[in-house]
Number of protein chains: 2
Amino acid sequence: MSPARPAPTGLDVVFAALADPTRRAVVERLRLGPATMTELATPLAASLPALTKHLAVLQQAGLVATAKKGRQRYCMLTAAPLRDAAAWLAEYGAYWDERLDALTAYLKENP
Amino acid sequence: MSPARPAPTGLDVVFAALADPTRRAVVERLRLGPATMTELATPLAASLPALTKHLAVLQQAGLVATAKKGRQRYCMLTAAPLRDAAAWLAEYGAYWDERLDALTAYLKENP
DNA sequence: TTGTCACTTCACCACTTGGTGAAGTATTGT
DNA sequence: ACAATACTTCACCAAGTGGTGAAGTGACAA
């Protein structure tokens, strides 16, 4: 039998989606407002088939929503899952701050 | 010639490292303090060869540092790259907050 | 109606990932 | 000296990823 990995959680797909530079570029572009597929593809020098796949990944992760208008497809940010990811990371920001504080305190006493 | 993808950046490898639940579990465990490989592997029900690979990914991403002591290998968090990732996400947190504010303001005026 | 435009889908490819079992390497305890 | 411990490395595998070119689909324009 195959090793039966656990089903991917929300954080899994969100982080995986953000691991690709093209997809992060799409998200960054989408922060300026909605865009069609070609509007996204052109400045990234990405082919339309490639972008279609990336969009599917982002949509699967819940990071973008799309709406067909005529023969164009408008994509827009739905940043909610980013907040989950940010929340996960925020805990480690706090951890790191503690460590930094401990280090500076140590250096203060041991110059 | 192969399509020549761009070399992975810091954010690439950090997000990719965090996309795996086993690796996130390692990071979470490491928040409680340093641990050896077997101490990490046992509660995760992961084999040592598998964990060695995961550790390499985390180390590559700069998330974990290790030190050999005798025949044991102590692993500890070096959360600095998490801050970069958190900073990237924080901008979208702000974006999302703006949108939420805009939505609540809209609902206030159009009840 | 006949193109053209904006995608989407398909079949395929090279490469990577996450896992395995088995063998190898130091280090440590008896 | 010998065996156990704590990994590491190796060869391999199945599945997934990111890309391609070519063909297909539906909306709009001439």
Side-chain angles (χ1 to χ4, degrees), chain A residues 1-9 11-27 29-30 34-61 63-76, chain B residues 1-9 11-27 29-30 34-61 63-76:
Chain A
M1 190 169 64
S2 47
R5 270 194 279 164
T9 75
L11 276 182
D12 285 25
V13 290
V14 170
F15 280 131
L18 296 178
D20 185 282
T22 302
R23 280 184 311 249
R24 280 202 311 280
V26 167
V27 170
R29 163 62 187 82
L30 250 29
T36 67
M37 296 297 278
T38 34
E39 280 171 356
L40 287 174
T42 312
L44 295 176
S47 71
L48 276 178
L51 198 79
T52 301
K53 283 197 185 183
H54 283 308
L55 238 288
V57 173
L58 289 168
Q59 220 168 343
Q60 190 78 14
L63 293 172
V64 296
T66 66
K68 260 172 244 163
K69 184 128 191 185
R71 58 185 159 180
Q72 289 168 63
R73 183 182 175 192
Y74 284 91
C75 312
M76 44 215 157
Chain B
M1 191 168 61
S2 47
R5 269 192 281 164
T9 75
L11 276 181
D12 286 25
V13 291
V14 170
F15 280 130
L18 296 178
D20 186 282
T22 302
R23 271 173 330 237
R24 279 202 310 281
V26 166
V27 170
R29 164 62 187 81
L30 250 30
T36 67
M37 296 296 278
T38 33
E39 280 171 356
L40 288 174
T42 312
L44 296 175
S47 70
L48 276 179
L51 198 79
T52 301
K53 284 196 183 183
H54 283 307
L55 238 289
V57 173
L58 289 168
Q59 221 170 340
Q60 191 78 10
L63 294 171
V64 181
T66 67
K68 260 171 246 164
K69 184 128 189 184
R71 60 185 158 180
Q72 290 169 65
R73 182 182 176 192
Y74 283 92
C75 312
M76 44 214 156

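The chains referred to below are lettered A, B, ... by the order of the sequence lines, with proteins before strands, and numbering in each begins at 1.
- Looking at every heavy atom in both residues, D20(B) comes nearest to T22(B) through OD1-N, 2.8 Å.
- L55(B) is listed as a side-chain neighbour of L40(B), based on a closest heavy-atom distance under 4.5 Å.
- Here dT8(D) presents its C1' atom at 15 Å from CD of Q72(B), a figure rounded to the nearest Å.
- The two residues L18(B) and R24(B) come nearest to each other via the heavy atoms O-NH1, 2.7 Å.
- Residues P34(A) and E39(A) come closest through the heavy atom pair O-OE1, 4.5 Å.
- In this entry the distance linking CG of L18(A) with P of dG18(D) reads 12 Å, nearest Å.
- A67(A) approaches M76(A) most closely through the heavy-atom pair CB-CE, 4.2 Å.
- Taking side-chain N and O atoms only, H54(A) has no distance below 4.0 Å to OP1 or OP2 of dT17(D).
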Nucleic acid footprint by protein, nucleotides 24-30 of chain D - heavy-atom cut-off 4.0 Å, B for base, S for sugar-phosphate alone: --BBS--

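- Per the geometry, CG belonging to D20(A) stands 11 Å off C1' belonging to dG19(D), to the nearest Å.
- Across all non-hydrogen atoms, the minimal contact from V13(A) to A61(A) is O-CB, 3.8 Å.
- As rounded to whole Å, 20 Å separates atom C1' of dT17(C) from atom CZ of F15(B).
- For A41(A), the side chain to side chain contact (heavy atoms under 4.5 Å, CB included) criterion is met by L48(A), L51(A), not counting sequence neighbours.
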Quick one: which protein N/O atoms are closer than 3.5 Å to N/O atoms of nucleotides 8-12 of chain C? Pair and distance per line, please.
residue	atom	partner	partner atom	Å
dT8(C)	OP1	R73(A)	NE	3.4
dT8(C)	OP1	R73(A)	NH1	2.7
dT8(C)	OP2	T52(A)	OG1	3.1
dT8(C)	OP2	R73(A)	NH1	3.2

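- For residues 51-61 of chain A, the pairs satisfying side chain to side chain donor-acceptor pair (under 3.5 Å) are R23(A)-H54(A), Q59(A)-T66(A), Q59(A)-R73(A), with sequence neighbours left out.
- None of V26(B), V14(B), L30(B) except one satisfies the side chain to side chain contact (heavy atoms under 4.5 Å, CB included) rule with L58(B); the exception is V26(B).
- Nucleotide dT16(C) holds its P atom 13 Å from the CD atom of Q60(B), rounded to whole Å.
- Residue T36(B) places its side chain closer to dC7(D) than to any other of dC7(D), dG18(C), dA6(C).
- Between S47(A) and dG19(D) there is no side-chain polar atom (N or O) within less than 4.0 angstrom of OP1 or OP2.
- Residue T38(A) places its side chain closer to dC7(C) than to any other of dC7(D), dC7(C), dG18(D).
- Partners of A19(A) according to the side chain to side chain contact (heavy atoms under 4.5 Å, CB included) rule, which considers only residues two or more places apart in sequence or in another chain, are F15(B), A16(B).
- At whole-Å resolution of the value, CG in L51(A) and P in dT17(D) are 17 Å apart.
- R23(B) places its CZ atom 12 Å from the C1' atom of dT16(C), with the value rounded to the nearest Å.
- One interatomic measurement links the two molecules: CG of L55(A) to P of dG18(D), which rounds to 13 Å at whole-angstrom precision.
- Using a 4.0 Å cutoff on non-hydrogen atoms, no part of residues 39-46 of chain B comes near DNA chain D.
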